[in-house]
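Just below is one structure, and these are the notes that go with it.
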Protein chains: 2
Amino acid sequence: MSETGGTRPGGRSARVRASVHRAVADLVAEGVRTEDLTIPVIAARAGVHATTVYRRWGSVAELLAAVAEHRFTGDVVVPDTGSLGADLERWAGDVARDLADPDSLALMRASIGAGETAACACTADRRSQIAGILEHETRRGGEVPEVDAVVDGVLAPLYYTALFVPAHERGPAPEDRVRALVEKLLGGAQALTP
Amino acid sequence: MSETGGTRPGGRSARVRASVHRAVADLVAEGVRTEDLTIPVIAARAGVHATTVYRRWGSVAELLAAVAEHRFTGDVVVPDTGSLGADLERWAGDVARDLADPDSLALMRASIGAGETAACACTADRRSQIAGILEHETRRGGEVPEVDAVVDGVLAPLYYTALFVPAHERGPAPEDRVRALVEKLLGGAQALTP
């Protein structure tokens, strides 16, 4: 987190942060051109001085990293249904729904465009979510794949489709795609949701 | 392709196109901030009038789409070694090397930031490269996976890593990772390069 400033929740500093984050999210969702997403434009939308934004975040890239981290951290609940297959399917379904949301996708694209730090903020939480799901299964005495195998087998294909496949060229509906990816990952051996 | 203009190769129109493409690629590789990659800045770097750039490409997003399409189309040779595993491994190795190149990755990030059209231009050619590899194997009488399975199993993990995993957190060296992904895709049944 590169943000500094006041720590009183609900204080002026928190209000500035909320309005600036909201301004960035709104501008990106409205399809602002990347070259028009400048600190003066963001400050004007948020109703704060540009110098405040420069002082606190330094650059649009750092600001996008903060907004993406806030938006994508803790956004998906780690399910605990009692079966690994069903947990993975529910979790991946939430991720896929998030990626299908135009505003989330626009924020992710803008963050990737801003550079590595902001890009990585978009997926920062995903590995610990996977680790949580696998830990539940381990405690139930089940065999589990590696976290990396879940990233490669389920997460990566969902992100690749969201970023690089035009909407009209996508194959199966998100829930069918998620189910197929989880089934393939688990070798068809684990029961999925009926 | 949204570009219009002269068709004489080597003519003025082709020279303008080359300088403008080069200016975009250079600015992105130099780490220009997204909000500073404007048409006047690009035009100044290319030594052409801004109005020429506006007239021909319309926006930074369309220009990035054209540059990405030019850069990433035909950039990887479809190999024909006589074995599916070796062909896939060589092709995916080329893709991984491309993704490990900081200038290519910077152009890809900027293109994704510019929106769907420019983002999709970064991978436009990949499906037909995969189809070419699979066709060679089919002609040799071998069994082949679906193009989608190769995208999900090999391409998506490589792009996910390049975009979302910080360099210092990456696991195995690119060539080992490529080999493992291809082996997993083919179920270990196909011989890979020794």
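So that the names make sense, note that chain A is the first sequence line, chain B the second, and so on, each numbered from 1. These numbers come from the heavy atoms of this one structure, side chains and all, not from hydrogens, waters or symmetry mates.
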Only pairs of heavy atoms separated by less than 4.5 Å count here; which of Ala114(A), Ala61(A), Ser111(A), Gly115(A) has the most with chain B?
Gly115(A)
Structural part of Leu163(B) lying under 4.5 Å from a heavy atom of chain A
both
What part of Ala124(B) lies closer than 4.5 angstrom to a heavy atom of chain A: side chain, backbone, both or neither?
neither
Return the orientation label for the His21(B) and His70(B) ring planes: parallel under 30°, perpendicular over 60°, tilted otherwise.
perpendicular
Note: Asp80(B)-Arg140(B) ion pair, threshold 4.0 Å (strictly below)
yes
Please evaluate residues Arg90(B) and Asp94(B) with respect to the criterion salt bridge (charged side-chain N to carboxylate O under 4.0 Å, His left out), reporting the C-alpha separation (whole Å), side-chain torsions for both, the decisive distance (0.1 Å), and the verdict.
CA-CA 6 Å; Arg90(B) 188 170 293 187; Asp94(B) 284 349; over 6 Å; no
Is it the backbone or the side chain of Ala119(A) that comes under 4.5 Å from a heavy atom of chain B, or both, or neither?
both
Considering only heavy atoms and a distance below 4.5 Å, find which of Thr123(A), Val165(A), Leu37(A) pairs most often with chain B.
Thr123(A)
Does a side-chain N-to-carboxylate-O contact under 4.0 Å join Glu175(A) and Arg179(A)?
no
Engaged part of Ala149(A) at the chain B interface, taking heavy atoms whose separation is under 4.5 Å:
both
Among Ser59(A), Ala106(A), Ala156(A), which residue forms the greatest number of heavy-atom pairs with chain B at distances under 4.5 Å?
Ala156(A)
Answer with side chain, backbone, both or neither: which region of Leu181(B) has an atom nearer than 4.5 Å to a non-hydrogen atom of chain A?
side chain
Residue, of Thr117(B), Leu105(B), Leu155(B), that accumulates the most heavy atom pairs under 4.5 Å with chain A
Leu155(B)
Below 4.0 angstrom, N of the basic side chain to O of the carboxylate: do Asp75(B) and Arg97(B) qualify?
no
Among Gly171(B), Pro166(B), Gly153(B), Ala110(B), which residue forms the greatest number of heavy-atom pairs with chain A at distances under 4.5 Å?
Pro166(B)
Output yes when Arg127(B) and Asp148(B) qualify as a salt bridge under the 4.0 Å nitrogen-oxygen rule, no when they do not.
yes
Can you classify the ring geometry of Tyr160(B) versus Tyr159(A) as parallel (below 30°), tilted (30 to 60°) or perpendicular (above 60°)?
perpendicular
So what's closer than 4.5 Å to chain A heavy atoms on Val151(B): side chain, backbone, both or neither?
side chain
Joint cluster assignment, Tyr54(A) & Val41(A), ILVMFWY side-chain distance < 4.5 Å:
yes
